[in-house]
Amino acid sequence: MRPLVAHIDLDALRHNYRVAQRCATQGQSVAVIKADAYGHGALRCAQALEDEAPAFAVASLEEALVLRRGGIDTPVILLEGIFSADELEAVDAHRLWMAVHSHWQLEALKASTPHAPIPVWVKVDTGMHRLGFSPDEVGAVWQALRAAPQAGELHLMTHFATADATHSPHYARQLDCVSELARRLNAPLSLANSPATLAHADAHGAYNRPGVMLYGSDPLERANDASRALLPVMTLRSEIIALRDIAPGERVGYGGRYRAEAPTRIAVVAAGYGDGYDRHAADGTPVLVAGQRTALAGKVSMDMLTVDVTGIADARIGSEVVLWGRAANGAVLPVDEVARHCATISYTLLTGVLPRVPRCYHPVP
């Protein structure tokens with residue numbers, strides 16, 4: 001079989017969840033497992049966290065049903081709410097929680113006949129300007145929901161645009177806005193995403209929403225002690241499938257982008273953009289070969305990429321290649337570092353690993 005595998009360390013996932021909970025001990029940590037748990041496999045990750053997380057958060061009804069059909073009975077919140085009124089029947093049947101961010105969702109809920117009141121998270125737009133009621137609308141929306149028998153327990157939520165920054169006036173304005181609303185409405189809050197969970201104690205509420213940090217990625221502009229404690233959950237691991245020596249001046253790969261300046265040994269690795277490894281990775285993007293750091297040499301192809309292994313005596317056919325994560329010798333290549341060389345963020349790399357790459361979970365639940 002082709003050697004490229006995404007190894008998923010469920011113990012590391014649980015460790016990172018506990019880091020989130022230690023950061024915000026006064027509230028509870030909802031595990032965000034949208035986008036197939038950021039490419040890690042939502043059902044398997046939910047099973048690993050089921051005994052710890054009070055709730056899971058997903059983006060859509062389809063994602064919630066994957067969990068329910070897999071036997072997950074933990075509360076699940078739809079972060080974007082419903083996309084049509086027809087979905088409310090399934091929300092009721094599967095005992096889901098939902099965000100309400102617009103008037104049409106509010107009216108659809110009020111017109112529904114659920115078997116039990118549906119817990120609602122009212123989303124307020126404090127400056128992200130994607131979803132949510134304007135601050136001056138929230139009071140009336142809150143009162144309408146309190147009077148609606150279809151609505152159960154209410155929470156107030158918002159989403160921060162700049163919580164990853166150490167000092168951000170925009171973050172402070174968003175926090176002040178939602179905090180004032182919460183005081184006026186006596187509303188429990190859900191505010192903190194991963195960076196706010198890690199670095200902003202003033203944003204910790206009744207429910208926090210750690211996402212990418214659960215998978216070992218540091219979302220902060222500047223790491224702190226908490227973010228440095230995170231462990232990589234996914235290791236994208238392959239092997240060398242060919243080796244060749246090239247002379248100075250020879251070029252490697254499509255377009256001949258990489259030019260050898262000295263006698264160079266090139267390893268061909270079974271991984272490419274057809275697997276989700278970013279085609280925009282620059283020459284010099286770090287790679288671990290046999291646990292030693294080296295670099296990409298040449299453009300990424302659909303099924304292969306090429307690496308300079310000139311200084312690695314242990315490099316041979318079948319040698320381990322780690323594209324991000326933890327090598328067999330314990331060396332770690334952070335996905336965030338790889339992302340910077342691709343001019344992107346860890347989220348796109350993790351969620352971009354395609355289905356043809358097998359996921360291997362350990363320890364097996």
Quiz prompt | Tyr273 and His280 aromatic centres sub-6.0 Å | solution = no

Please tabulate, for the side chains in residues 349-360, all donor-acceptor contacts under 3.5 angstrom to protein atoms that are two or more places apart in sequence or on a different chain.
residue, atom, partner, partner atom, Å
Thr351, OG1, Tyr347, O, 2.7
Arg356, NE, Gly274, O, 3.3
Arg356, NE, Asp275, OD1, 2.6
Arg356, NH1, Asp303, OD1, 3.4
Arg356, NH2, Asp275, OD1, 3.3
Arg356, NH2, Asp303, OD1, 2.6
Arg359, NE, Gly39, O, 3.2
Arg359, NH1, Leu354, O, 2.9
Arg359, NH1, Val357, O, 2.9
Arg359, NH2, Gly39, O, 3.1
Arg359, NH2, Val353, O, 2.8

Quiz item: Who are the ring-ring contact (aromatic ring centres under 6.0 Å, His included) partners of Tyr171, not counting sequence neighbours?
Solution: Phe160, His200

Only distances under 3.5 Å count here; give the side-chain donor-acceptor pairs of residues 238-249 to other protein atoms, sequence neighbours excluded, each with its distance to 0.1 Å.
residue, atom, partner, partner atom, Å
Ser238, OG, Ala270, O, 2.6
Asp245, OD1, Arg265, NE, 3.0
Asp245, OD2, Arg265, NH2, 3.0

Practice problem: Please name all residues satisfying side chain to side chain donor-acceptor pair (under 3.5 Å) with Arg279, sequence neighbours left out, ordered by chain then number. | Solution: none

Quiz item: Is there a donor-acceptor pair closer than 3.5 Å between any side-chain N or O of Ser194 and the backbone N or O of Met213?
Solution: yes

Quiz prompt | Closest non-hydrogen atom pair, Asn16 against Leu230 | solution = OD1-CA, 3.4 Å

Quiz item: Can you say whether the rings of Trp97 and Tyr207 are parallel (under 30°), tilted (30 to 60°) or perpendicular (over 60°)?
Solution: perpendicular

Quiz prompt | Under the side-chain contact (heavy atoms from CB on, under 4.5 Å) test, residues paired with Leu65 that sit two or more places apart | solution = Leu61, Arg69, His94

Quiz item: Is a side-chain donor-acceptor pair under 3.5 Å present for Glu107 with His103?
Solution: no

Quiz prompt | Residue pairs fulfilling salt bridge (charged side-chain N to carboxylate O under 4.0 Å, His left out) with at least one residue in residues 200-220, sequence neighbours excluded | solution = none

Quiz item: Between the main-chain N or O of His159 and the side-chain N or O of Gln174, is there a donor-acceptor pair closer than 3.5 Å?
Solution: yes

Exercise. Please identify each residue that fulfils side chain to side chain donor-acceptor pair (under 3.5 Å) with Glu320, with sequence neighbours left out.
Key: Arg237

Considering only distance and modelled atom types, tabulate donor-acceptor pairs under 3.5 Å from the side chains of residues 71-89, sequence neighbours left out.
residue, atom, partner, partner atom, Å
Asp73, OD1, Arg95, NH2, 2.2
Glu87, OE1, Phe83, N, 3.1

Listed pairs under 3.5 Å, donor-acceptor, residues 290-301 side chains, sequence neighbours left out:
residue, atom, partner, partner atom, Å
Arg293, NH1, Glu337, OE2, 2.6
Arg293, NH2, Glu337, OE1, 3.3
Thr294, OG1, Asp308, O, 2.2

Exercise. For Asp11, enumerate each residue passing the side-chain contact (heavy atoms from CB on, under 4.5 Å) test, keeping only those at least two apart in sequence or located in another chain.
Key: Asp9, Arg14, Pro363

Quiz prompt | side chain to side chain donor-acceptor pair (under 3.5 Å) partners of Ser29, counting only residues at least two apart | solution = Gln21

Exercise. Applying side chain to side chain donor-acceptor pair (under 3.5 Å), name anything that partners His15, two or more places apart in sequence or on another chain.
Key: none

